[in-house]
Amino acid sequence: MLNNITTMASSLRQHLPFYTPSEQDNDIAPYYQNHVAAITGAGSGMGRELALHLAKMGCHVALSDINVEQLTRTKEMLVGYDVKVTMTVLDVSDNDAMQAWADSVMRDHGKVNFIFNNAGVAFSSTIEGASIEELEWVMDINFWGVVYGTKAFLPLIKNSVKQSEVTSDNQNDQPRQFKEHGHVINISSLFGLTAQPSYSAYNASKFAVRGFTESLRQELNIQNCGVSATCIHPGGIKTNIANSARGNDSTSTVGMPTGDKAIKSFNKLLKFDASEAAWIILHAAATNQQRCLIGNDAKMVDAIQRVFPSHYSEVINDITQLSRKLKPRRNNKRSDKTSTAP
């Protein structure tokens, strides 16, 4: 009971605007030390930063990414840490390849405790303008990649944790105890909380990840197997996702930019530091958060959706329009101060 209250209190606190857990708040290193973590999308962005933080805490890492050059760079950055590092070039949309990677992690590391299903892509188009193949491309990576990763690693994680179970003479009177930890961490999005025009496929994939992960967590809680799951909802994180995103000109029919303008507009939204985001993710898993919001944009949108579940799109649009009107005024005030400065 007390553990549930503590978890709920911590979860509520992380919803507060401008609150970001720092490395001084909690020493989470013991949760990860001498454990093994598998990370998809480890070649850049949050995946790379997750690997760096984990290595610093003494956690062995199995890295995967579809880009061999970027993946190799991540592995090179981990040289000097007293941990074992393995890497595999992987297409997360390939179920057989995912299963083969999970098996290789067990062979190379002897166990696995965490899977970070981090790999993802972005795609912008109207529903009418998107081909079935384009929609399938997004779902295959963003959703099925998470499903394949969870299905391949979960039995291995559960078995690794089970091997560390502490036996007790009064097992019927006490909850099961384990020396090691196990966790499934799935990356959804701010767009897994609310829908946005021109991102229907991306929204669908991230909403699916959210539902899948929340159901998984409930099952694991019932099983009392020492393994849990957390769904991550990042806002705009400084990664390469905008530069690698796909899209088409159909977005112009709903007033959205296209081509290079779309990429530039997307990048403007990516403000949160990827290293800080990775640490927040690790903190959320170590403190067993059900849902983790990263960035004030994610927290604001989540709050609006909760207060206005049927009309959040109108409220967000009004706030956006107001912000655009106020921006020139703020810029003018800055210009006035600069021109009058001695």
Heavy-atom closest pair, residues Thr230 and Gln289: OG1-O, 2.5 Å
field: Cluster overlap Val85 with Ile115, hydrophobic side-chain contacts below 4.5 Å
entry: no
- line: Rounding to 0.5 Å, atoms NZ (Lys206) and OG (Ser189) come to a distance of 6.0 Å
message: Between Met57 and Ile28, is there a side-chain heavy-atom distance shorter than 4.5 Å?
response: yes
- prompt: Hey, mind stepping through Asn248 and Phe123 against side chain to side chain contact (heavy atoms under 4.5 Å, CB included) and telling me if it holds?
  reply: CA-CA 9 Å; Asn248 57 53; Phe123 173 68; 4.0 Å; yes
- request: Would you name the heavy atoms of Ala285 and Tyr32 that are closest together and state the gap between them?
  value: CB-OH, 3.4 Å
- prompt: Between CG of Leu156 and NE2 of His109, what distance do you get to the nearest 0.5 Å?
  reply: 12.5 Å
message: Let me check something: do Ile132 and Met139 share a hydrophobic cluster, defined by ILVMFWY side-chain heavy atoms less than 4.5 Å apart, either directly or through other members?
response: no
Main-chain N/O of Asn118 paired with Thr40 side-chain donor or acceptor, under 3.5 Å: yes
- request: Just jot down the salt bridge (Lys or Arg N to Asp or Glu O under 4.0 Å) partners of Glu214, sequence neighbours excluded, or say none.
  value: Arg210, Arg291
- prompt: Which pairs, with at least one residue in residues 77-98 and sequence neighbours excluded, count as a salt bridge (Lys or Arg N to Asp or Glu O under 4.0 Å)?
  reply: none
query: Given the rule in the side chain to side chain contact (heavy atoms under 4.5 Å, CB included) test, do Met98 and Val92 qualify, once you have shown the distances and angles that lead to the verdict?
result: CA-CA 6 Å; Met98 180 69 79; Val92 297; 3.9 Å; yes
message: The test is side chain to side chain contact (heavy atoms under 4.5 Å, CB included); show your working for Thr253 and Glu128 and say whether it passes.
response: CA-CA 10 Å; Thr253 64; Glu128 288 180 299; over 6 Å; no
- prompt: How far does CZ of Arg217 sit from OG of Ser215, to the nearest 0.5 angstrom?
  reply: 12.5 Å
- prompt: If only atom types and distance count, is the side chain of His283 paired as donor or acceptor with the main-chain N or O of Ile281 below 3.5 Å?
  reply: no
message: Enumerate the ring pair (Phe, Tyr, Trp, His ring centres under 6.0 Å) contacts for residues 124-156, please, sequence neighbours excluded, ordered by first and then second residue.
response: Trp101-Phe153, Trp144-Tyr148
task: To the nearest 0.5 angstrom, please state how far the CD atom of Gln290 sits from the OG atom of Ser228.
output: 8.5 Å
message: Are the side chains of Leu78 and Leu63 in contact, using a 4.5 Å heavy-atom criterion?
response: yes
message: Among Asn296, Val301, Asp297, exactly one meets side chain to side chain contact (heavy atoms under 4.5 Å, CB included) together with Lys299. Which residue is that?
response: Asn296
query: If Ile, Leu, Val, Met, Phe, Trp and Tyr residues are connected whenever their side-chain heavy atoms lie under 4.5 Å apart, and connections chain through other members, are Leu50 and Ile294 in the same group?
result: yes
- prompt: Distance from Ser205 atom OG to Leu135 atom CG, nearest 0.5 Å?
  reply: 10.5 Å
field: Side chain to side chain, Leu216 and Leu154, heavy atoms closer than 4.5 Å
entry: yes
statement: One should read off an interatomic distance between Ile66 CD1 and Thr88 OG1, to the nearest 0.5 angstrom, of 13.0 Å
field: side chain to side chain contact (heavy atoms under 4.5 Å, CB included) partner of His183, chosen from Leu282, Asn288, Asn113
entry: Asn288
message: Between Leu54 and Ile39, is there a side-chain heavy-atom distance shorter than 4.5 Å?
response: yes
task: Please name all residues satisfying ring pair (Phe, Tyr, Trp, His ring centres under 6.0 Å) with Phe191, sequence neighbours left out, ordered by chain then number.
output: Tyr199, Tyr202
message: If the threshold is 4.0 Å, N to carboxylate O, is there a salt bridge linking Arg306 and Asp302?
response: yes
- prompt: What about Val147 and Ile157, same hydrophobic cluster or not, with Ile/Leu/Val/Met/Phe/Trp/Tyr joined at side-chain heavy-atom distances under 4.5 Å?
  reply: yes
task: Indicate whether any N or O donor in one side chain lies under 3.5 Å from an N or O acceptor in the other, for His53 and Ser275.
output: yes
- prompt: Hey, are Gln196 and Ser198 close enough side-chain-wise for a donor-acceptor pair under 3.5 Å?
  reply: no
Distance-minimising heavy-atom pair for Ala298 and Gly235: CB-N, 4.0 Å
query: Does the side chain of Cys225 come within less than 4.5 Å of Val161's, by heavy atoms?
result: no
- prompt: Sequence neighbours excluded, which residues qualify as ring pair (Phe, Tyr, Trp, His ring centres under 6.0 Å) partners of Tyr31?
  reply: Phe114, His181
task: Can you see which heavy atom on Met77 is nearest to which on Leu52, and at what distance?
output: CE-CD1, 3.8 Å
- prompt: Would a distance-only check, ignoring hydrogens and angles, find a side-chain to backbone donor-acceptor pair under 3.5 Å from Asn186 to Val209?
  reply: no
Ala130 versus Ser125, closest heavy-atom pair with distance: N-OG, 3.2 Å
- prompt: Does the pair Asn142 and Val121 meet the rule for a side chain to side chain contact (heavy atoms under 4.5 Å, CB included), with working shown?
  reply: CA-CA 7 Å; Asn142 288 3; Val121 294; 3.6 Å; yes
query: Ile280 versus Phe272: any side-chain heavy-atom pair under 4.5 Å?
result: yes
query: Any side-chain heavy-atom pair from Ile187 and Met46 closer than 4.5 angstrom?
result: yes
- prompt: So which pairs with a foot in residues 62-76 pass side chain to side chain donor-acceptor pair (under 3.5 Å), sequence neighbours left out?
  reply: Arg48-Thr74
- prompt: Transitively linked via ILVMFWY side-chain contacts under 4.5 Å: Val184 with Ile141?
  reply: yes
message: If I compare all heavy atoms of Lys151 with all of Pro155, which pair ends up nearest, and what's the gap?
response: O-CD, 3.2 Å
query: So, Ser250 side chain and Thr126 main chain: donor-acceptor pair closer than 3.5 Å or not?
result: yes
